[in-house]
Engineer: 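My structure is below; once you've seen it, I'll send some questions.
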Number of protein chains: 2
Amino acid sequence: MILEYQKLAVTDRSAGTVFPGGDPQAARITPYAARVKMTTRMEDVAKEIGVSRVTLSRVLNESPNVAARTRRRVLDHVQRIGYRPHQAARALVRRRSDLVGIFCSHPENLLVQRILIALQSHLYERGLKTLFQTTRGAEHELEALGALARREVDGLVAFSHYSPPSRLADLVRDRRPIVLSGYGPRGVAVVRANGSGGMARIVRYLLGLGHRRIHYLGPPAPMYPEARDDRRAGWLLALREAGLEKSAMHSAALAIDAAGGFAGAQGLLLGATSRPSAIVCFNDEMAWGALRAAREIGLEVPGQISITGFDGLDLFRYGWPALTTCRLDPEHAGQLMAQTLFRLIEGDEGARQHHVYEGTFQAGESAGPATA
Amino acid sequence: MILEYQKLAVTDRSAGTVFPGGDPQAARITPYAARVKMTTRMEDVAKEIGVSRVTLSRVLNESPNVAARTRRRVLDHVQRIGYRPHQAARALVRRRSDLVGIFCSHPENLLVQRILIALQSHLYERGLKTLFQTTRGAEHELEALGALARREVDGLVAFSHYSPPSRLADLVRDRRPIVLSGYGPRGVAVVRANGSGGMARIVRYLLGLGHRRIHYLGPPAPMYPEARDDRRAGWLLALREAGLEKSAMHSAALAIDAAGGFAGAQGLLLGATSRPSAIVCFNDEMAWGALRAAREIGLEVPGQISITGFDGLDLFRYGWPALTTCRLDPEHAGQLMAQTLFRLIEGDEGARQHHVYEGTFQAGESAGPATA
DNA sequence: CTGAAAGCGCTAACAA
DNA sequence: TTGTTAGCGCTTTCAG
């Protein structure tokens, strides 16, 4: 059991004496850090085995130039006592922490959460630990970028776009290992879904059902023009194809969650303008709120109005009606991000591209034929 | 702007020469770690200011014995150039990483996700960074415990219970800074909701509505008897009060999500036994699946059957019908965990208790009067 | 109040 | 194939 944890002892640092089991007097007020002695050192382990620290280190780092027999002996012992080198010391000398930072401005978003989970797993498989941080504003984001610059982390994945694109452009020059989710300047690695294609697919489906007044309910205006709403573009594209661009109506919600969808749909449905026969929403959560709004007004879905989502979260397949949506694969997205970041950390500049993955249309119960 | 990130330069380590801007030849294949020089060193910064490293260190660590004027001068310069000490080096000598590990066996659970977000924020406010890891099995969990033992992290929060309680008991003896979510042995810090009280409240509400056949749909059997389902206990308690214990029926689902609730409810509703007039579910997500199952069978909710949840997630207030549930405050839970862990790290053994927070009953639309 | 000296635990260059 | 030497960048005694 290589990961068996080690027993601790309490030290009296001034006297240099060790009290196994703890000093009952001082324990209550002494910070934990001062109470315990450092974990087993390499020196001791090497001595136990009868080799030098260096040989031990070589085995642990899978370096060449160790006799097979020695390696075996070392590995056996290490495994038995559950030794692992001190990570800080290792990071200090290797100039590499094996830590990856993930920062995220909207950790409440259900799709983001699923991607995060997959991402962490895949990074872990490659020996990278995940430092997670929620960014509330540009200040946090800058701090995360600073951590990368100072090499506190080996790489960064950003689900956050507070920084102006001009600053992101620095990333291009400095060639840091960073992966952005969603959008970013050319020359920076980006992973995103094909939102435009997926949304166009949904709209065409609705057009096929006879809908003509298809309104869009999306996120608030982006902080930077570069961050324009890709999904909205797909909606507009499909309407244009059908020559319905003129009647296109778009409404920006306060947030891309159920509350935002609820409020946004209320505006769309109770407004003075002609009522839409379908509302396509930026994501499932908004659609969910919109569904509620429609019903509170007394509209049947999909009888009197159709409402669609995006992301294809499993949860909403159990809703009533189940959402018609575009399913994205968070597992795949997370894997793609992990792989891209890993390539960048390894110095493969070829990974510095925009990676776009596809969604799949998923017919549900929330969209039906347009009523005359 | 203290967090302005620093410019990098590419080094040719063999020649010891620095090529600002990068060596275009080697860049593509050289790992990023080898391509960049280490960030600014303390030595240089101290020299620029005209003090020794020691004084600089003292200012940065808010140690006493620095003249106010010196402190001011140092702080100004540090702020201007955005210097921050190298974290690995700092951790090595301080024997403290300012890192906290969070491990979690069910990161998909919506309540857990919200708690995680709050927890991370509160830890961050106290200067602790969050290392996040999904645990898939006891092996991962042991590894996380090992990381604590080796002092790779200063503390741990566990939303995961793969390890047998006997192992957790070790935590009592070693007095490590660890906070468990849900349950744990005496002497280990635990944070959990009062599930039993909350669920009893829901059941009493249903009893008041005239329900008599109230079935429970909960998680699969726990891995260890200690981890018994608290919410189920509350359900049973309330039924006992009403003298209905005999008719109590419990069904274990495969998972505590919508899919589990769906399948579990199907079993409960399609089974040969007498149909329940109400199903109380372990959490909102399961209730959500149960709702779908009831409707697919053709049962109206709450007309023909009442279904309740637990957790009180905002999302389900937008569902139709909105769930009758018990609302837990994830923000509060996260804060409580952060605070407890912080106290333990600081050596306050008084924090090593079971902290129980209350939920609040929330009447929704998914429960109504029992029909004769 | 300040600085000089002594490591923290480990890996990488260089010798043997 | 192995071990010896020399730091990584920082904080913490201990003198001044």
Side-chain angles (χ1 to χ4, degrees), chain A residues 6 11-16 31 33-34 36-47 49-74 78 83-98 149-152 154, chain B residues 6 11-16 31 33-34 36-47 49-74 78 83-98 149-152 154:
Chain A
Q6 302 165 3
T11 50
D12 180 351
R13 315 189 88 227
S14 57
V36 295
K37 85 166 199 284
M38 187 48 76
T39 163
T40 320
R41 277 160 19 260
M42 200 169 205
E43 182 78 59
D44 306 331
V45 178
K47 204 164 289 174
I49 309 179
V51 293
S52 72
R53 286 191 330 215
V54 184
T55 306
L56 178 50
S57 171
R58 284 202 183 103
V59 172
L60 259 23
N61 292 297
E62 302 178 36
S63 307
N65 299 336
V66 179
R69 233 183 66 84
T70 313
R71 154 162 285 125
R72 176 129 226 108
R73 197 154 52 90
V74 169
V78 162
Y83 171 76
R84 244 194 80 179
H86 189 280
Q87 295 304 292
R90 201 150 178 269
L92 181 57
V93 61
R94 293 180 65 216
R95 290 140 174 279
R96 209 198 210 267
S97 57
D98 289 337
R150 287 188 305 273
R151 318 289 323 280
E152 287 170 24
D154 294 344
Chain B
Q6 302 165 4
T11 51
D12 180 351
R13 316 189 88 226
S14 57
V36 296
K37 84 164 196 282
M38 187 49 75
T39 163
T40 318
R41 275 160 22 260
M42 200 169 203
E43 182 78 58
D44 306 330
V45 178
K47 205 164 288 173
I49 309 181
V51 293
S52 72
R53 285 190 333 212
V54 184
T55 306
L56 177 50
S57 171
R58 283 199 184 107
V59 172
L60 259 23
N61 293 297
E62 303 179 34
S63 308
N65 297 338
V66 179
R69 232 183 68 85
T70 313
R71 155 163 283 126
R72 174 129 228 106
R73 197 156 51 88
V74 169
V78 163
Y83 171 75
R84 247 194 80 179
H86 189 281
Q87 296 304 294
R90 200 150 179 271
L92 181 57
V93 61
R94 291 180 66 217
R95 291 139 174 279
R96 210 201 210 265
S97 57
D98 290 336
R150 288 187 305 272
R151 315 291 322 283
E152 287 170 25
D154 294 344

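Proteins come first, then strands; the chains are lettered A, B, ... in the order of their sequence lines, and each starts at number 1. This structure is a prediction, so every number in the text was calculated from the model and none was measured. Excluded from the calculations below are hydrogen atoms, water molecules and symmetry mates; all remaining heavy atoms, backbone and side chain alike, are included.
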Engineer: Between D:dT11 atom P and B:Y83 atom OH, what is the distance in whole Å?
Structural biologist: 7 Å

Engineer: Measure from the side-chain heavy atoms of B:P85 and tell me the nearest of C:dG9, D:dT11, C:dT2.
Structural biologist: D:dT11

Engineer: OP1, OP2 of D:dT11 versus side-chain N and O of B:R90: anything below 4.0 Å?
Structural biologist: yes

Engineer: Check nucleotides 3-6 of chain C against the protein and report each pair of N or O atoms closer than 3.5 Å, with its distance, or say if there are none.
Structural biologist:
unit_1, atom_1, unit_2, atom_2, d
C:dG3, OP2, B:S52, N, 3.2
C:dG3, OP2, B:S52, OG, 3.2
C:dG3, OP2, B:T55, OG1, 2.8
C:dG3, O6, B:R58, NH2, 2.4
C:dA6, N6, B:R53, NH2, 3.3

Engineer: C:dA13 C1' sits how many Å from A:R95 CZ, rounded?
Structural biologist: 14 Å

Engineer: For B:R53, which residues count as a salt bridge (charged side-chain N to carboxylate O under 4.0 Å, His left out) partner, sequence neighbours excluded?
Structural biologist: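 Per chain and number, B:R53 pairs via salt bridge (charged side-chain N to carboxylate O under 4.0 Å, His left out) with B:E43.
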
Engineer: What is the separation between atom CZ on A:R69 and atom C1' on D:dT2, rounded to the nearest whole Å?
Structural biologist: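 Checked: the CZ to C1' distance equals 14 Å.
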
Engineer: Expressed as a whole number of angstroms, how long is the span from B:R41:CZ to D:dC8:P?
Structural biologist: 7 Å

Engineer: How far apart are the closest heavy atoms of B:A88 and A:L92, and which atoms are they?
Structural biologist: CB-N, 4.0 Å

Engineer: For the residue pair A:E152 and B:Q87, what are the closest heavy atoms and their distance?
Structural biologist: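 Heavy-atom minimum between the residues: CD-CG, 3.2 Å.
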
Engineer: What's the spacing between B:R84 CZ and B:R90 CZ if we round to 0.5 Å?
Structural biologist: 8.0 Å

Engineer: Can you give me the bend angle of the helix from C:dC1-D:dG16 to C:dA16-D:dT1? Use the axis through the first five pairs and the one through the last five, nearest 10 degrees.
Structural biologist: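 For the helix from C:dC1-D:dG16 to C:dA16-D:dT1, the axes at either end differ by 30°.
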
Engineer: Taking CZ from A:R151 and C1' from D:dC10, how many angstroms apart are they, rounded to a whole number?
Structural biologist: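 Whole-Å distance recorded here is 17 Å.
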
Engineer: Given side chains that start at C-beta, do those of B:V78 and B:V59 come closer than 4.5 Å, heavy atoms only?
Structural biologist: no

Engineer: In whole Å, I'd like the distance from the CE atom of A:M42 to the P atom of C:dC8.
Structural biologist: 15 Å

Engineer: Can you name the salt bridge (charged side-chain N to carboxylate O under 4.0 Å, His left out) partners of A:D44, sequence neighbours left out?
Structural biologist: A:R41

Engineer: Nearest 0.5 Å please: distance from the CZ atom of A:R71 over to the CG atom of A:L60.
Structural biologist: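 Those atoms lie 10.0 Å apart.
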
Engineer: Quick one: side chains of residues 62-69 of chain A, donor-acceptor pairs under 3.5 Å with protein atoms, not counting sequence neighbours, listed by atom name and distance.
Structural biologist:
none

Engineer: Which comes earlier along DNA chain C counting from the 5' end, the contact point of B:V93 or that of B:A68, where each point is its nearest nucleotide?
Structural biologist: B:A68

Engineer: Please state how far atom CG in A:L56 lies from atom P in D:dG3, giving the value in whole angstrom units.
Structural biologist: 11 Å

Engineer: Could you pull out all residues at least two apart from B:T70 that satisfy side-chain hydrogen bond (donor to acceptor under 3.5 Å, both in side chains)?
Structural biologist: none

Engineer: Return no unless some side-chain N or O of A:R94 is found under 4.0 Å from OP1 or OP2 of C:dT11.
Structural biologist: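 So the side chain of A:R94 is outside the cut-off, no N or O lying under 4.0 Å from OP1 or OP2 of C:dT11.
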
Engineer: How close or far is atom P of C:dG9 from atom CG of A:N61, stated in whole angstroms?
Structural biologist: 18 Å

Engineer: Among D:dG9, D:dT2, C:dC10, which nucleotide sits nearest the side chain of A:T70?
Structural biologist: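 Nucleotide nearest to A:T70's side chain: D:dT2.
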
